[in-house]
Every structure is written in structure tokens, then in C-alpha cells.
Q: 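This is the structure I want to talk about, given as C-alpha cells.
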Amino acid sequence: PQGVAPDLGAYEYVDDGTFKVGVRFSDANVPEGGSVTATAVVNGEATAYAWYLNGVLVAGETEPSVTFADLPVGNAAVKVVVTDGKGATHEKTVADAFEVNPLKTYANAANADGAAYPYNTPDTAATTIADALAAVWKAANVTTEVEVAAGEYPIETAISLVMPVKITGAGRDVTTVSQTASGDRAFNLSDDGAEISGLRITGFKNALHGGAISMSKGLVRDCIIEKAVHSGREQRGGGIDMTGGTLLRCLISENSLAALGGYRRGAGVYMTNGLVEDCDFVNNTTGSSNDNDQGEGVYMAGGTVRNCRFRDNHGAAGQTCSAAIYMVSGSPLVENCVVTNNHPLGVRVTSGTIRNSVIANNSGTGAITAGACVDGGTMVHCTVYGNVASQDATGCSGLEMTKGTAVNNIFWKNGGTLGACRVTGGTFNTNIVDNIVSVGTYNRADDPMLTGAATNDYRLVFGSPAIDEGAPFD
């Protein structure tokens, strides 16, 4: 060793006896407005220090260490001038001492002539979302933002949000994220503070679970997720693969699962956890007619879907098994939803609970049930109206139930004159049905007196026999 201890690495530093100055920094990167401490290292007697930041003398700082505070965005240049014991001066300049990253960056696809790192003003905005994201500060304890102007932004490699960063578009009708030829998805979200909003995410086709988005945490809000195609063999989530996080006020439209081998689950969304709220699922489709196609709108193996609308989602011709909402395991919850005009089936429940929801005017060509199929789980306080299955010969267009629980529901005007439902098992109590079934108690066949089912108004009118007649149910 040449000093008090061995040096790291293969070589020992050998001092040649001349006066030398070095500078060490507490951080290589800090956020806008943050601070960095610089410390001068000398190999002899020093009597004074003068510090410069970006060419400007820092007044009053004459000690071996200095803290630069409230730092502006950009790369910082630091110089220290040291006076030795003989009165001679020695200086050390570090051109790129550390980088100060902005808390907000900008992307504008039309700004090719003005783009300038670190993209922290609208005039210097990056032309890609990826470049703007690379420049913004990222840390677990600070939420930062990338603001994206109107325009189209092709994505070559999936953008992964592993820190609390918000990507905010100018609006889902004017800011579009599309796919290049790479075959990757658009976004991965895996942090509670990660957020995407105001984007139209369109046309992603690949063999990945979640053709457009994969999320385990975070928030996707006020977006359109459309025309994604899962083209692999074991398909999970044509539009979104969701194991956590929140999907809020989004339109999930025209996503699909390709007609290949293996299972196909969740053309719009495949979820095992998380919350989907106030979203519209429209015209999503599975790819073939076999029974492995499950969940044109959402396939639920857990999680909650609340205050959503499912319309015109459909299986392929001849599909008899799937449903706009497919609840299979993990005790999923569906509440306050409207499920209308889907094919072949509105809702299939094998686990969990669906409550306070309307299931109406779904049609099953080649199917025996169009409204709801319950073979486990619970249906409570739902209105099932006007569903018609073309192959219904036994009066189960509204409901086919083999086990589970159905309490405090209305099944009315399903399947023409055959009646509302066929119940062969489970608990079926305190429901209004077209024709009384042999299973259960306190069921009745009285007209529920709906406000205007022909105009999709399924509220009860004054005097309805359904008012105050429900059984207590937790």
C-alpha cells in the first residue's frame, strides 16, 4: 500500500510529490431544486478554497466542502481553486460534475426543429415519449410528469413505469400512441404512483399477455385502449393484462384474441386483482367458437369491476360458452354495471358476486342462455331483462343456474313466452320471475313494473311489487 490502506483495483496510486487537487460529489444525479455536496481532496497543505458553479463564483464558500442548493436543470460544471501553504494556487475543473433532472418534461411529435435535452419546456420538447421519460427525474419518493402534446407517437419498445411518473396526454381524442413494427406492447406499469392519462392507445398486435398494457400497480385513466390483438397461443388480455392497479374512465374497444390454439381469456381485460371503474367495454371479441374463449369484455380471476358499461361485445359465430363478463375464480366483485346487447351471453358467474347490475337485451345465436349463467358465486339485486337465446327450448334465456346463490333479483321478459330462467340447483330465493321455478322460496311472477324497459330505464315505478320486498342479504 502507498497510503494508509490498499487502493481498490489492480493498481496502487503512487504520489509523485506535486500538489494535486481532486473533487468528489455526493450525487451524480439530483432532481430540479435539489442539492449536491462537493468536497475538495488535496495532497498537501491548503489555506483557502474558492468554488465556482457553472462559471460563477459561489460567494462566501471558502471551506474544503460546499453544498450547492436549489439547483437548476442541466449538467453542472464545477471548479475549485485551492491556495496551498506557499501561496500558490491550483485548480480543478469537472465539466460534467453532476446532472440536475427536471421534475417535468415535455413531448411533442411536431417539435423536431426545437427538441433539446433535457426537454423541460414546451419549446424544447422531445419528439418521443421515451426520450422525455428518460430525461425526467425518477425516484421512489417523488412524483414527476411527462406532458405529451397532441399528435401521434409510435412506440418501438414498451415504456416501463417502475417509479412514480405520470404520462399525461392532451386528451384521448388528440394524443395517439401507436405501434411500430417491433411487436411490443405500449406500456408496463409496476409502481403505485405510475399513471397514464389522456391517450388513445391503438393498434398493438403481439403475442404478449396484455396486447397494449400490462399493469400490476398504478393508474390508467381517461384513455382509449383499442384495436389491440393478442396473437399468441395462450392468450390473456387482448387489450390489458391486469394483476393490480386501477383502470378509470377508459374506453376499452375493438380489442380481440386471435383464433389460435390454447385458451383465450379476456379480449378487453384479463384481471386477477385491482379495480376497473366507470369504464366502457365496446365491441371486443374472442377469436373462435370453442369453449376456451372466455370473457369478451373482461375475464375476472379476482378484482373489482364497478360502475361500468358493457355493450356489443361478442364471441365468434357459434360461440356458446363465453360472456361479456366472465367471473371464474378469486372471489371477483361486479357491482353497479350495465351489460347490454352482447353475444352470446351477458354474464357468467362461477365465483364471486355480481350485484346491483342490469343485464339486458343480450342475444345468443346458437346458444341456450343469453342473460346470465350462474354455476357458483352470487347474484343479488340484479335486473335481467329481455335476453333471448336462439336455441333456448326450456326457458333459460334469462338465467341458467346449477349452483350458487341468486337472491332479490328480477328476471323478466326473457326468451319470449318460455319464461325467464331454468334453475336446477343452488339457492334461489325472493326473486321476481316470468314463470315460477321449482327451486327456492318466496319467488313470485308479478310484473315488476319497470319505468321504461323499452328505453333502457329499469327503475321501479311507484306501486311496484318489488319495492320493499327484498330479503336481508350480506
Side-chain angles (χ1 to χ4, degrees), residues 209-217 220 225 228 230 234-248 250 252-253 255-257 263-282 284-286 291-311 313-315 319 321-340 342 344-359 362 369 371-382 384 400-401 403-406:
H209 294 325
I213 297 173
S214 174
M215 59 187 303
S216 59
K217 297 179 180 178
V220 177
I225 297 92
H230 192 319
E234 305 296 331
Q235 300 172 16
R236 197 175 79 190
I240 300 173
D241 181 34
M242 186 175 186
T243 58
T246 298
L247 187 64
L248 177 65
C250 290
I252 316 299
S253 177
N255 302 286
S256 62
L257 303 174
Y263 64 78
R264 287 165 294 278
R265 296 171 178 170
V269 174
Y270 178 103
M271 66 185 302
T272 59
N273 205 346
L275 170 65
V276 178
E277 184 160 19
D278 196 15
C279 292
D280 290 278
F281 291 74
V282 181
N284 301 285
T285 181
T286 51
D291 288 346
N292 287 325
D293 289 1
Q294 300 167 348
E296 289 85 31
V298 59
Y299 179 99
M300 300 182 70
T304 296
V305 173
R306 178 185 299 139
N307 301 325
C308 292
R309 295 149 300 276
F310 294 79
R311 175 173 54 84
N313 302 283
H314 52 91
Q319 169 63 267
C321 179
S322 191
I325 302 176
Y326 201 106
M327 304 165 64
V328 65
S329 63
S331 299
L333 172 63
V334 175
E335 59 184 353
N336 305 328
C337 291
V338 177
V339 186
T340 60
N342 302 283
L345 181 63
V347 178
R348 179 176 290 270
V349 185
T350 62
S351 176
T353 298
I354 180 169
R355 64 191 181 202
N356 300 104
S357 295
V358 171
I359 304 165
N362 300 286
T369 303
C373 178
V374 177
D375 50 13
T378 299
M379 173 181 284
V380 59
H381 293 296
C382 292
V384 182
E400 170 81 6
M401 180 173 173
K403 55 185 175 180
T405 300

Q: According to side-chain hydrogen bond (donor to acceptor under 3.5 Å, both in side chains), who are the partners of Arg311, at least two apart in sequence or on a separate chain?
A: none

Q: Please report, to 0.1 Å, the donor-acceptor pairs under 3.5 Å made by any side chain of residues 375-382, with sequence neighbours excluded.
A:
| unit_1 | atom_1 | unit_2 | atom_2 | d |
| --- | --- | --- | --- | --- |
| His381 | NE2 | Asn408 | ND2 | 3.4 |

Q: State, to 0.1 Å, how close Val334 and Met300 come at their nearest heavy-atom pair, and which atoms those are.
A: CG2-SD, 3.5 Å

Q: Which side chain to side chain donor-acceptor pair (under 3.5 Å) pairs, counting each pair once, include a residue from residues 272-281, with sequence neighbours left out?
A: Glu277-Asn307, Asp278-Arg309, Asp280-Arg309

Q: Over all heavy atoms of both residues, which pair between Ala324 and Val339 is shortest? Give the atoms and the distance, please.
A: CB-CG1, 4.2 Å

Q: Is any side-chain heavy atom of Asp241 closer than 4.5 Å to a side-chain heavy atom of His230?
A: no

Q: Can you name the closest pair of heavy atoms from Gly239 and Ala228 and give their distance?
A: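 That would be CA-CB, 4.1 Å.
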
Q: As an exercise, state the distance from CG of Asn284 to OG of Ser253, rounded to the nearest 0.5 Å.
A: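 So the gap between those two atoms works out to 6.5 Å.
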
Q: Under 3.5 Å, side chain of Thr286 to main-chain N/O of Glu296, donor-acceptor pair present?
A: no

Q: Taking side chain as C-beta onward, heavy atoms only, is Ile252 less than 4.5 Å from Val298?
A: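 No, too far: nothing below the 4.5 Å cut-off.
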
Q: What pairs of residues pass the salt bridge (charged side-chain N to carboxylate O under 4.0 Å, His left out) test when at least one of them lies in residues 325-340, not counting sequence neighbours?
A: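 For residues 325-340, and leaving out neighbouring residues, the salt bridge (charged side-chain N to carboxylate O under 4.0 Å, His left out) pairs sorted by first residue read Arg306-Glu335, Glu335-Arg355.
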
Q: Output, in order, the C-alpha distance, side-chain angles, deciding distance and verdict of side-chain contact (heavy atoms from CB on, under 4.5 Å) for Gln294 and Val328.
A: CA-CA 10 Å; Gln294 300 167 348; Val328 65; 5.7 Å; no

Q: Which heavy-atom pair separates Val349 from Gly352 by the least distance, and what is that distance?
A: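 Result for this residue pair: CG1-O, 4.2 Å.
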
Q: Looking at every non-hydrogen atom in both residues, tell me the closest pair between Ser351 and Ser331 and how far apart they are.
A: OG-N, 3.3 Å

Q: Spell out, as yes or no, whether a donor-acceptor pair under 3.5 Å connects the side chain of Asn356 to the backbone of Asn336.
A: no

Q: Can you tell me how far the CZ atom of Arg265 sits from the CE atom of Met271, to the nearest 0.5 Å?
A: 16.0 Å

Q: Let me confirm one number: the CD1-CD1 distance from Ile354 to Ile359, rounded to the nearest 0.5 Å.
A: 4.0 Å

Q: Applying ring-ring contact (aromatic ring centres under 6.0 Å, His included), name anything that partners Tyr299, two or more places apart in sequence or on another chain.
A: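 Applying ring-ring contact (aromatic ring centres under 6.0 Å, His included) to Tyr299 gives Tyr270, Tyr326.
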
Q: Looking at side-chain heavy atoms only, is the closest gap between Val269 and Val305 below 4.5 Å?
A: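 No. Closest side-chain heavy atoms not under 4.5 Å.
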
Q: For Ile225 and Ala212, which heavy atoms make the closest approach, and how far apart are they?
A: CG2-CB, 3.9 Å

Q: Using modelled atom types only, decide if a donor and an acceptor are shared between the side chain of Ser322 and the backbone of Gly295 within a distance under 3.5 Å.
A: yes

Q: Run the side-chain hydrogen bond (donor to acceptor under 3.5 Å, both in side chains) test against Asn342 and tell me which residues pass, sequence neighbours left out.
A: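 Asn342 satisfies side-chain hydrogen bond (donor to acceptor under 3.5 Å, both in side chains) with Asn313, Asn362 only.
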
Q: Quick one, Val276 with Ile240, criterion side-chain contact (heavy atoms from CB on, under 4.5 Å). Give me CA distance, side-chain angles, the key distance, then yes/no.
A: CA-CA 11 Å; Val276 178; Ile240 300 173; over 6 Å; no

